[in-house]
Amino acid sequence: MSQTLWLKLPHGEYPVVVGQDLLTTLPHWPDGGEAPKALILVDQAVSALADPLEAELQHRGWATARLSVSVSEDFKQLDALMEVYGALLDLKATRESILVAIGGGVIGDAAGFVAATYQRGIRWVGVPTTLLAQVDSALGGKTAVNHPRGKNLIGAFHQPSLVLSDPACLNTLPERDRISGLGEIVKYALTYSPEFLTELEQHWRRLLALDPAVLVPAVARCCELKLQAVAADEHDVLGIREVLNFGHTFGHALEAATAYGSFRHGEAVLWGMRFAVKLSQVCGHLPEAQALRLLTLLWQIPVPPLPALAWPVLRNHIKHDKKARGNRVRWVLLQDVGQVYLDLDVPEAALEQVWVSINHPGS
Ligand SMILES: NC(=O)c1ccc[n+]([C@@H]2O[C@H](COP(=O)([O-])OP(=O)(O)OC[C@H]3O[C@@H](n4cnc5c(N)ncnc54)[C@H](O)[C@@H]3O)[C@@H](O)[C@H]2O)c1
């Protein structure tokens, strides 16, 4: 049972398959030319997932090599990637070869960047193994590595040739990483779809428990929404993909202010959405009753508490948001579920008021 979605772009299209048994059946696998070769880059936390995929490729006559790596943000460094380029060279990979990325957002971002740059670009296939990667990072072709001065500062747009999202890949995912993915899923519901939000309000605990009856349709729905945004604005220049930044302005600042050590990305986005919903209300865009409804859901999903941070420290990180133009931060706010409002003139007093309120939610 699987669903295939297509990302249609002016220069081509590729399938994103969501469903079961994908690692043994490899649907829509790209053609490998006369001497097909694949390097499988896999997060060592999930290296067993590479076994059926590699066996099936070999059965189909592919020459394969596997590189299993320990994953942390440190892997998204140019230095660390030399080992991957080296493995491609050892395999004598050509422009027809394929790099397969099995892992979460770190592996996907790094593999995509290697694929964008090895011999000026080879194809890659994403097999996302975190919920966050299945609903977000594996889609859309943004690849990146970090610079000591900031995250994701070096990168390229390089679309994969195929994405295989199998719920079985998530079976070993720790609870906090599942919550992190849920954060991004809630973002899609809040920004695009009242119906999806209603479903999540009823079933988010089943989703967290990886109940396939809820999980598979939810992942497919998110993929559909993200692919629509990417198809309309592949290189993120028209403002259409900006919607996907909901909750991220505050979330990114929180991650940076805590040196990327305290929150998973989606956990920080959950805090960011608590902030953005309250800010939408305080700025008069979102009616109070609706804000209350959204905040009820957002406060139920467990995330680590806010650390003791001084507001000016966080405010400074917000000012340096990558998406800011000049000195103006582009706040993605809500007028209603599914109705996003881009506010470039949020008053300082409103920001500080919301900061105080999310630090003292009961008051
Ligand atoms: N390219 C994009 O559009 C985009 C979007 C959002 C985030 N990102 C990037 O994605 C990264 C975060 O992604 P992530 O949350 O997937 O992090 P991750 O890749 O670091 O994975 C999180 C943790 O889960 C482990 N893991 C992965 N799959 C597992 C599984 N099935 N079972 C058990 N453990 C597993 C990993 O080893 C790691 O410890 C960040 O680097 C962020 O910048 C990219």
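Both ligands and their constituent atoms are indexed starting at 1 by order of listing.
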Residues at least two apart in sequence or cross-chain that pass side-chain hydrogen bond (donor to acceptor under 3.5 Å, both in side chains) with Tyr14, listed by chain then number, are Gln159
Under 3.5 Å donor-acceptor pairs involving side-chain atoms of residues 85-107, not counting sequence neighbours:
from  : atom 1 : to     : atom 2 : distance (Å)
Tyr85 : OH     : Thr117 : OG1    : 2.6
Thr94 : OG1    : Glu96  : N      : 3.1
Arg95 : NE     : Gln119 : O      : 3.4
Arg95 : NE     : Gly121 : O      : 3.0
Ser97 : OG     : Thr94  : N      : 2.8
Ser97 : OG     : Thr94  : O      : 3.3

**Asked** Taking the inter-plane angle between the rings of Phe250 and Phe275 on a 0 to 90° scale, is it parallel (under 30°), tilted (30 to 60°) or perpendicular (over 60°)?
**Response** parallel
For the side chain of Trp124 and the backbone of His158, is there at least one donor-acceptor N/O pair under 3.5 Å apart? yes
- Check whether any side-chain N or O of Lys226 sits under 3.5 Å from a backbone N or O of Val135 as a donor-acceptor pair, and report yes or no. no
Contacts for ligand 1, heavy atom under 4.0 Å, by chain and number, are Asp43, Ala45, Val46, Val71, Glu73, Lys76, Gly104, Gly105, Val106, Asp109, Thr129, Thr130, Leu132, Asp136, Ser137, Lys142, Lys151, Asn152, Cys169, Thr172, Leu173, Pro174, Asp177, Lys226
For Tyr341, the hydrophobic cluster (side chain heavy atoms closer than 4.5 Å, chained through members) also holds none
